[in-house]
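Values in this document were obtained by computation on a predicted structure and should not be read as measured data. Values reported hereafter were calculated over all heavy atoms of this structure, with side chains retained and with hydrogens, waters and symmetry mates removed. In what follows, chains are A, B, ... by sequence order, proteins preceding strands, each numbered from 1.
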There are 2 protein chains.
Amino acid sequence: MKAISILEHHQLSRTESRMEILELLLNKNVALSEKEIKDELSIKCDRATIYRTLNTFVKSGIAHSIINNDGPLKYVIKKAPEDHVHFKCQVCGHIMCLPQIIIDKIELPDGFTRTESNFLVIGTCKNCN
Amino acid sequence: MKAISILEHHQLSRTESRMEILELLLNKNVALSEKEIKDELSIKCDRATIYRTLNTFVKSGIAHSIINNDGPLKYVIKKAPEDHVHFKCQVCGHIMCLPQIIIDKIELPDGFTRTESNFLVIGTCKNCN
DNA sequence: GTATATTTGCAACACAGTCGCAAATATTAT
DNA sequence: ATAATATTTGCGACTGTGTTGCAAATATAC
């Protein structure tokens with residue numbers, strides 16, 4: 001199982017919740033919220049556990065969170081380490097990474113330094129256009 | 001008064017709350033949350049009224065909201081109509097617009113169309129660097 | 001100044017996310 | 001495999017953000 005080896009690699013204990021949540025994220029190419037994860041999980045899992053698990057994944061670098069302009073945080077497996085653009089389709093509501101587009105070349109004004117970026121483009125995705 | 005003419009121009013009734021909140025926003029160059037607005041207002045104003053007023057301003061195009069990666073929405077007077085970058089200083093916590101940097105040239109993959117963008121860069125601002 | 005339309009304050013509510021703590025589960029050592 | 005220890009889970013309670021219904025207050029139009 002891929003999920004198991006990822007957990008091992010990050011020295012996280014292999015609990016049922018972590019494995020199921022990780023499997024779910026691995027099989028999706030759109031970002032999921034806590035509620036969406038809960039609804040898709042085959043096992044029962046408490047809200048708090050899902051939040052704690054997601055935070056653990058983010059801290060370990062397994063996943064990253066995506067800011068939603070209108071709604072809860074969503075989570076995806078981290079594939080690209082660079083800052084990339086997130087896209088939200090206003091028709092189907094899906095939020096996904098656009099790893100093709102990397103914005104590391106934004107020139108900030110003098111005296112400003114950057115540690116992190118959140119780029120969310122809202123529009124219509126390929127399927128809905 | 002500048003605030004009055006702005007309200008008139010957008011055909012909004014000139015209530016005390018709206019004028020005071022608008023004055024406050026006009027005098028700030030950082031984005032403010034509902035709580036920050038409430039604390040700085042000289043008049044008493046209910047939470048709900050502040051939220052409703054801010055939403056009215058956003059709908060009218062007087063202000064726009066800025067997504068905070070970790071905290072409530074913040075609001076600023078809309079100066080530039082284009083999509084620009086927002087900057088959050090992790091030292092002083094201020095969130096401000098960087099109208100100098102305009103990103104309208106992001107090329108989305110085929111089939112994707114854009115209607116709106118939210119760009120938040122997190123780092124250290126000029127004053128705190 | 002009066003009538004009508006809009007806005008306000010209050011209270012209640014919905015929802016996202018966190019935390020403490022005891023019970024359950026996983027890991028480690030024997 | 002079993003026992004001891006460390007970690008995680010579920011539950012409940014809680015905080016904070018933002019919204020809404022409704023009656024009272026205020027602004028606008030006449």
Subject >> From CA spacing to verdict: side chain to side chain contact (heavy atoms under 4.5 Å, CB included), A:Asn118, B:Ile122 >> reply: CA-CA 8 Å; A:Asn118 287 280; B:Ile122 300 167; 3.6 Å; yes
How close or far is atom [atom2] of [N] from atom [atom1] of [X], stated in whole angstroms?
X       : N      : atom1 : atom2 : result
A:Ile4  : C:dT27 : CD1   : P     : 10 Å
A:Asp39 : C:dC15 : CG    : P     : 13 Å
A:Ile37 : C:dG17 : CD1   : P     : 11 Å
B:Asn68 : C:dG17 : CG    : C1'   : 15 Å
B:Tyr51 : C:dC10 : OH    : C1'   : 16 Å
B:Asp70 : C:dG17 : CG    : C1'   : 11 Å

**OP:** Assess the pair A:Tyr75 and A:Phe57: is the distance between their ring centroids shorter than 6.0 Å?
**Re:** no
Original post:
Is it true that B:Leu54 and B:Ile67 fall in one hydrophobic cluster, defined by side-chain heavy atoms closer than 4.5 Å?
Top reply: yes
Original post:
Do A:Ile6 and A:Val76 sit in the same hydrophobic cluster, where Ile, Leu, Val, Met, Phe, Trp and Tyr count as joined when their side-chain heavy atoms come under 4.5 Å apart?
Top reply: no
**OP:** Could you walk me through whether A:Ser60 and A:Leu12 pass the side chain to side chain contact (heavy atoms under 4.5 Å, CB included) test, one step at a time?
**Re:** CA-CA 9 Å; A:Ser60 305; A:Leu12 298 175; 3.7 Å; yes
[X] side chain to [Y] main-chain N or O, any donor-acceptor pair under 3.5 Å?
X        : Y        : value
B:His9   : B:Ser5   : no
A:Ser117 : B:Val121 : no
B:Arg18  : B:Ser13  : yes

Original post:
Along DNA chain D, 5' to 3', what are the outermost nucleotides having an atom less than 4.0 Å from a heavy atom of chain B?
Top reply: D:dT17 to D:dT28
**OP:** Using only heavy-atom distances, decide whether a donor-acceptor pair under 3.5 angstrom links the side-chain of A:Arg47 to the base of C:dG17.
**Re:** yes
Original post:
Which part of the nucleic acid, if any, lies within contact of A:Asn55, taking any heavy atom under 4.0 Å across all strands shown: a base, the sugar-phosphate backbone alone, or nothing?
Top reply: sugar-phosphate
**OP:** Check DNA chain C against residues 9-20 of chain B and give the residues with a non-hydrogen atom under 4.0 Å, in numerical order.
**Re:** B:Ser13, B:Thr15, B:Ser17, B:Arg18
**OP:** Look at the rings of B:His64 and B:His86 and say which category their plane angle falls in: under 30° parallel, 30 to 60° tilted, over 60° perpendicular.
**Re:** parallel
Subject >> Residue whose nearest DNA chain D nucleotide is more 5′ - A:Thr49 or B:Asp46 >> reply: A:Thr49
